[in-house]
Every structure is written in structure tokens, then in C-alpha cells.
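Notes to accompany the following structure.
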Amino acid sequence: MDELERKIGYQFKDKALMKEAITHSSYAKERKSRHIKYNERLEFLGDAVLSIVVSDYIFKHCPELPEGELTKLRASLVCEKSLFDFAKSIDLGKYLILSKGERNNGGAERPSILSDAFEALIAAIYIDGGYEPASKHILNFVIPAIKSSKAKRNKDYKTTLQEIVQKNPGEKLEYVLVAESGPDHNKHFVVEVHLNSNVIGKGGGRSKKEAEQQAAHEALELMGY
């Protein structure tokens, strides 16, 4: 437990809360004890705390995103897959208190168990220390995930440019190949992107797709995006 505290950067005042957060229901059932607390109730609270922290952060730090995109981004950050990845990054399965049967059946690596335990740990920090340490803990995982998501989104410059142009009905976007050179094994293409026949960007690459992306990138920069 001391090792897990060091990994998450939080020291519990009430160690019993931490133990409850990492205890799976299978352990209580195996011991046939109603006095052993397990993490299902904490998971319920952790889910709510996670949602409000993520919502607050992306609302403040992603002003370019409309409501629909904020909803999609939040969903991607609080889904089981993301929580499973967060849990694996701190090797949470190693610390879980499971029944022998559950551990032997791979419970320590099961996405549903790990994601639930991650949410329970959030709730335990929230109860033990309040909103600020819980928020700090969550954002340690969420901020890098958001940066990664933004990087992936920004790589597709053509889609971004198309979405901007579509906001103005009647605007026409077109990619025009203006040059092609080099041998077959080492071609170089130059593409212009036209908005209503006006050149708004130019790019080059070893394929038409790469050249189009570069042209769209230049157009977005010139437009201030």
C-alpha cells in the first residue's frame, strides 16, 4: 500500500479507505464475511467525481470545442478503455485484493475490474482529502490523454479545414495537383488547396495525400488556426 501511495502521489490519512478501494467483492465472498468492505460503493462515487473533474477541465481548457465535441471527448476519457489504460500505467492490478480464484483467472488484468478499482481509488482520495487532491490525481492521467487526443485530431488537417469551411454554406474547397516530379520510386507532388478558386494553401509530399495534408496545414495556419 505504501508503494501504491508513492505511485499515485497521495498519502492516505485513513488507510482503511485505501484498502476498501482496492478490495474486490470476490475477496469478501471468498472469506464469507459481511464485515469486509469492498469497492463497489466507492466506484459509484468515483464515477461521479471523475465526470465532474474531467468536465470542468475540458470546459476551461478546450474553448475551441462545441458542446457536442466536449461530450465526445469526455466520453472517451471516462470510458472503461481509458480507465483500464490509466490503471495499467500504475500497475494497479498488482495491488488489488482479490479472491484466489479471481486472481488465478486473470482478474488482476481484467479491464472491468481494473477500471472499477481506478474509480474506487478516486472516491477514496476524494473522501480522505477532498476535491483538490482527487482532481490532481485524475488530471495526472487525463491531461496527457487530452494532449494525445488533440495531437491525433490536429494531424488530420484536411478534416479540420473541411469542418471550418462547412460552417459557411456555399463555400467550395478543392485540392489541385499543380506539380509532379521525380522517378517512380521517389515521387514528389505539389498540391494547392483552393477556396472558391482562390489559393489558400500549398504543400508538398511523397504522395498526393501527404501533399494535400500539408496544403491544408498551411491554409489553417494562414487562417489563424
Side-chain angles (χ1 to χ4, degrees), residues 4-5 7-10 17-27 37-99 102-103 105-160 162-163:
L4 181 56
E5 282 183 325
K7 280 190 177 181
I8 64 175
Y10 180 79
L17 263 175
M18 186 185 187
K19 188 175 181 182
E20 182 180 343
I22 58 176
T23 301
H24 187 250
S25 59
S26 63
Y27 181 78
K37 289 187 174 181
Y38 50 91
N39 63 15
E40 287 181 1
R41 280 175 56 81
L42 286 176
E43 176 212 331
F44 164 79
L45 178 59
D47 179 68
V49 176
L50 174 66
S51 184
I52 189 63
V53 169
V54 171
S55 298
D56 180 63
Y57 184 85
I58 63 176
F59 178 81
K60 290 175 180 174
H61 292 86
C62 302
E64 77 282 3
L65 296 181
E67 184 269 339
E69 291 301 313
L70 286 172
T71 300
K72 286 180 190 176
L73 178 58
R74 180 180 61 194
S76 73
L77 293 166
V78 304
C79 69
E80 183 180 283
K81 183 186 181 303
S82 290
L83 299 183
F84 176 53
D85 289 340
F86 298 160
K88 283 196 300 180
S89 72
I90 55 171
D91 202 13
L92 187 56
K94 172 184 174 182
Y95 308 101
L96 296 184
I97 302 171
L98 304 161
S99 68
E102 192 63 68
R103 188 165 287 279
N105 287 328
E109 295 296 322
R110 190 167 295 137
S112 58
I113 289 177
L114 280 169
S115 59
D116 289 350
F118 189 83
E119 287 183 325
L121 195 57
I122 289 170
I125 295 171
Y126 174 73
I127 294 169
D128 190 70
Y131 181 84
E132 287 305 319
S135 177
K136 182 182 176 184
H137 170 70
I138 292 165
L139 294 178
N140 282 339
F141 301 90
V142 166
I143 291 174
I146 291 172
K147 286 180 179 176
S148 174
S149 173
K150 277 188 174 182
K152 285 176 185 174
R153 199 163 61 241
N154 289 342
K155 279 179 185 174
D156 189 1
Y157 301 117
K158 282 183 69 177
T159 300
T160 304
Q162 185 69 37
E163 288 173 350

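Heads up: numbering here begins at 1 and tracks the sequence.
Side chain of Thr23 to main chain of Lys19: a donor-acceptor pair is present (N/O by atom type, distance under 3.5 Å, no hydrogens or angles). When atom types are taken as modelled, the side chain of Tyr126 and the backbone of Leu45 share no donor-acceptor pair closer than 3.5 angstrom. Judged by distance alone, the side chain of Arg110 and the main-chain N or O of Glu102 form no donor-acceptor pair under 3.5 Å.
Note: His137 and Phe141 have perpendicular aromatic rings, judged against thresholds of 30 and 60 degrees for the angle between ring planes.
Counting heavy atoms of neighbouring residues, nucleotides and ligands inside a 6.0 Å radius, atom NZ of Lys7 exceeds 12 of them. Crowding of Phe86 atom CZ: a count of heavy atoms from other residues, nucleotides or ligands under 6.0 Å exceeding 12. At most 12 non-hydrogen atoms from other residues, nucleotides or ligands lie less than 6.0 angstrom from CZ of Phe44.
Two residues are said to be in side-chain contact when any heavy atoms from C-beta on lie closer than 4.5 Å; Ile97 and Ile22 meet this criterion. Proximity of Leu42 to Ile127: side-chain heavy atoms (C-beta onward) are separated by under 4.5 Å at one or more points. Side-chain atoms of Ser51 and Arg74, non-hydrogen and from C-beta on, do get closer than 4.5 Å to each other. Annotation: side chain of Glu80 is in contact with side chain of Ser112 (closest heavy-atom distance under 4.5 Å). The closest side-chain heavy-atom distance from Leu92 to Leu96 is below 4.5 Å. No side-chain heavy atom of Leu77 sits less than 4.5 Å from a side-chain heavy atom of Leu50.
In terms of heavy-atom proximity, Tyr10 sits nearest to Asp128 at OH-OD2, 2.5 Å. Scanning all heavy atoms of the two residues, the minimum distance from Ala124 to Ala21 falls at CB-CB, 3.9 Å. Minimum interatomic distance between Ser115 and Phe84 (heavy atoms only, all atoms of both residues): CB-N, 4.1 Å. What you find for Gly129 and Pro133 is that their closest heavy atoms are O-CG, 3.4 Å. Closest of all the heavy-atom pairs between Val49 and Ala134 is CG1-CB, 4.3 Å. The nearest pair of heavy atoms linking Val53 to Ser135 is CG1-OG, 3.7 Å.
In this structure, Arg41 does not pair ionically with Glu20, as no charged nitrogen and carboxylate oxygen lie closer than 4.0 Å.
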Next on the checklist: For a side-chain hydrogen bond (donor to acceptor under 3.5 Å, both in side chains) check, start with the C-alpha distance between Glu67 and Thr71, then their side-chain angles and the critical distance, and finish with the verdict.
Outcome noted: CA-CA 6 Å; Glu67 184 269 339; Thr71 300; 3.2 Å; yes
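Taken from CD1 in Ile138 to CG in Leu83, the straight-line distance is 9.5 Å, to the nearest 0.5 Å. Note that CD1 of Ile113 and CZ of Arg103 are 9.5 Å apart. Values are rounded to the nearest 0.5 Å. Summarising the geometry, atom OH belonging to Tyr95 is positioned 11.5 Å from atom CG belonging to Leu121; distances are rounded to the nearest 0.5 Å. Taking CG from Leu73 and OH from Tyr57, the interatomic distance works out to 10.5 Å, rounded to the nearest 0.5 Å. From His61, atom NE2 reaches atom CG of Asp56 across 8.5 Å, with rounding to the nearest 0.5 Å. In this structure, the separation between NZ on Lys136 and CD1 on Ile8 is 11.0 Å, given to the nearest 0.5 Å.
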